[in-house]
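One is the number of the first residue; the rest follow in order along the sequence. Please read these numbers as outputs of a predicted model, since none were measured by experiment.
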Amino acid sequence: MGAIYKRELSGYFNSAIGYVVLAVYYFFSGLFFYLYCFYRDSASLGYVFANMFYIVMFIIPVLTMKTFSEERRQKTDQALLTSPVSLTEIVLGKFLGAFTIYGLCCAIFLVYGVVISFFAQPQWSVVLCTLLGMLLLGMAIIAMNIFISSLTESMVVAAVIGMAAGLVIDTMSSFSKLVPIPWVQFVLEKIDFLNYYTNFTYGILSIVDVIFFLSVTGLFLFFTVRVLERRRWS
């Protein structure tokens, strides 16, 4: 798994994808930080985190679009699937590579907290809790998009489907209110990512929210392993 992880991580920086994702994330987080903290003279990062939810939904598909689709397009997936490494290790190596880049993106919020501390007393408990929520959210979205990437050999298709899935997640809470069927509303509310993420932005650390994101992550990684297993034997 370590070799897959190193290969994947170096691949992000040998191409433009890693730099583009970092640049876009830092740009929008810095923009929101200026607008909500400096321009409005606020010591709270709550609005910054809330708005970054939407940015995450669109940059992660770009980050993960090449994980497996590029392997299929270049016909290197067979060599990967027949290597003396388990499919689970392959999937985890690629997942951890993407998550490391995402973690570097989120680390900028620690810098913002330090900057605020020069002018006011930041609520570190809320900042750290929300940062944890953003990392858990990212884990789930990365796992979901890696699964999408394993289904196609086109990076563009993987990115577009991933963004469409992010749009569905974003509008799920609004859509659930329009559905007149109570049990459908209940199901949609229970799988609404934004409901679980919002709790973190208020500084509320709930084991239910943590388990939800970890469960979604594990589920989509499991699906990805099954897809690769079927391809290995086909």
So, the side chain of Ser69 versus the backbone of Glu153: is there a donor-acceptor pair under 3.5 Å, distance only? no

How many angstroms lie between atom OH of Tyr102 and atom CG of Leu137, to the nearest 0.5 angstrom? 5.0 Å

Run the ring-centre check on Phe49 versus Phe109 and record whether the distance is less than 6.0 Å. yes

With rounding to the nearest 0.5 angstrom, report the CG to CD distance, Leu96 to Glu89. 11.5 Å

Contact summary for Gly203 and Cys129, nearest pair of heavy atoms: C-SG, 3.7 Å

Do Val114 and Leu45 share a hydrophobic cluster (ILVMFWY, side-chain heavy atoms under 4.5 Å, transitive)? yes

Starting from Leu214, can I reach Ile207 by hopping between I/L/V/M/F/W/Y residues whose side chains sit under 4.5 Å apart? yes

Do other residues, nucleotides or ligands put more than 12 heavy atoms under 6.0 Å from Tyr47 OH? no

Please assess Phe222 against Val91 for the test side chain to side chain contact (heavy atoms under 4.5 Å, CB included), listing each intermediate value before the final yes or no. CA-CA 9 Å; Phe222 173 77; Val91 172; over 6 Å; no

For residues Val127 and Trp124, determine if any side-chain heavy atom of one lies less than 4.5 Å from a side-chain heavy atom of the other. yes

Consider only side-chain N and O atoms of Tyr5 and Thr100, and report whether a donor and an acceptor are under 3.5 Å apart. yes

Under the 3.5 angstrom rule, does the side chain of Tyr25 hit a backbone N or O of Val56 as a donor-acceptor pair? no

Can you name the residues that form a side chain to side chain contact (heavy atoms under 4.5 Å, CB included) with Phe32, not counting sequence neighbours? Phe28, Tyr36, Val48, Asn51, Met52, Ile55

Shortest non-hydrogen contact between Ala98 and Leu63, atoms and distance: O-CD2, 3.4 Å

Do Thr217 and Phe95 have side chains that approach each other closer than 4.5 Å (heavy atoms only, starting at C-beta)? yes

Within the structure provided, determine whether Met134 and Tyr197 are in side-chain contact (heavy-atom separation under 4.5 Å). yes

On a heavy-atom basis, the closest approach of Thr130 and Thr201 is OG1-CA, 3.3 Å

On a heavy-atom basis, the closest approach of Asn145 and Gly162 is OD1-CA, 3.0 Å

Looking at Thr152 and Ala158, would you say the former's side chain and the latter's main chain have a donor-acceptor pair under 3.5 Å? no

Evaluate the ring planes of Phe193 and Phe212, with Trp represented by its six-membered ring, and classify them as parallel (under 30°), tilted (30 to 60°) or perpendicular (over 60°). perpendicular

Assigning hydrophobic clusters by single linkage (Ile, Leu, Val, Met, Phe, Trp, Tyr; side-chain heavy-atom cutoff under 4.5 Å), is Ile116 placed with Val126? no

At what distance, to the nearest 0.5 angstrom, does CG of Leu131 lie from CG of Leu136? 9.5 Å

Please examine the side chains of Ile90 and Phe68, heavy atoms only from C-beta on, and report whether any two atoms are closer than 4.5 Å. yes

Taking the side chain as every heavy atom from C-beta outward, state whether Val227 and Phe223 have any atom pair closer than 4.5 Å. no

What is the distance from atom CD1 of Ile17 to atom CE of Met65, rounded to the nearest 0.5 Å? 4.0 Å

Decide whether Leu167 and Val156 are clustered together by the hydrophobic rule: side chain heavy atoms of Ile, Leu, Val, Met, Phe, Trp, Tyr closer than 4.5 Å, transitively. no

Using the side chain to side chain contact (heavy atoms under 4.5 Å, CB included) rule, take Phe200 and Leu135 through it: C-alpha gap first, then chi angles, then the decisive distance, then the call. CA-CA 11 Å; Phe200 288 99; Leu135 289 173; over 6 Å; no

Side chain to side chain contact (heavy atoms under 4.5 Å, CB included) between Ile101 and Leu9, worked out: CA-CA 8 Å; Ile101 301 297; Leu9 191 59; 3.7 Å; yes

At what distance, to the nearest 0.5 angstrom, does NZ of Lys66 lie from CD of Glu8? 4.5 Å

When every non-hydrogen atom of Ala165 is compared with those of Ile148, the smallest separation belongs to CB-CD1, 4.4 Å

Which atom pair, heavy atoms only, marks the closest approach of Met144 to Ile169? CE-CD1, 3.7 Å

Qualifying residues under side chain to side chain contact (heavy atoms under 4.5 Å, CB included), relative to Val115, sequence neighbours excluded: Phe33, Phe38, Val111, Phe119

Taking the side chain as every heavy atom from C-beta outward, state whether Val62 and Phe58 have any atom pair closer than 4.5 Å. no

Hey, what do you get for OH (Tyr34) to SG (Cys37), rounding to the nearest 0.5 Å? 12.0 Å

Using the rule that Ile, Leu, Val, Met, Phe, Trp and Tyr join whenever any side-chain heavy atoms are under 4.5 Å apart, tell me whether Val210 and Tyr202 fall into a single cluster. no

Between Phe99 and Met139, is there a side-chain heavy-atom distance shorter than 4.5 Å? yes

Could you check if a side-chain atom of Phe213 sits within less than 4.5 angstrom of a side-chain atom of Leu132, using non-hydrogen atoms only? no

Counting distance only, does the side-chain N/O of Thr64 pair as donor-acceptor with the main-chain N or O of Ile142 below 3.5 Å? no

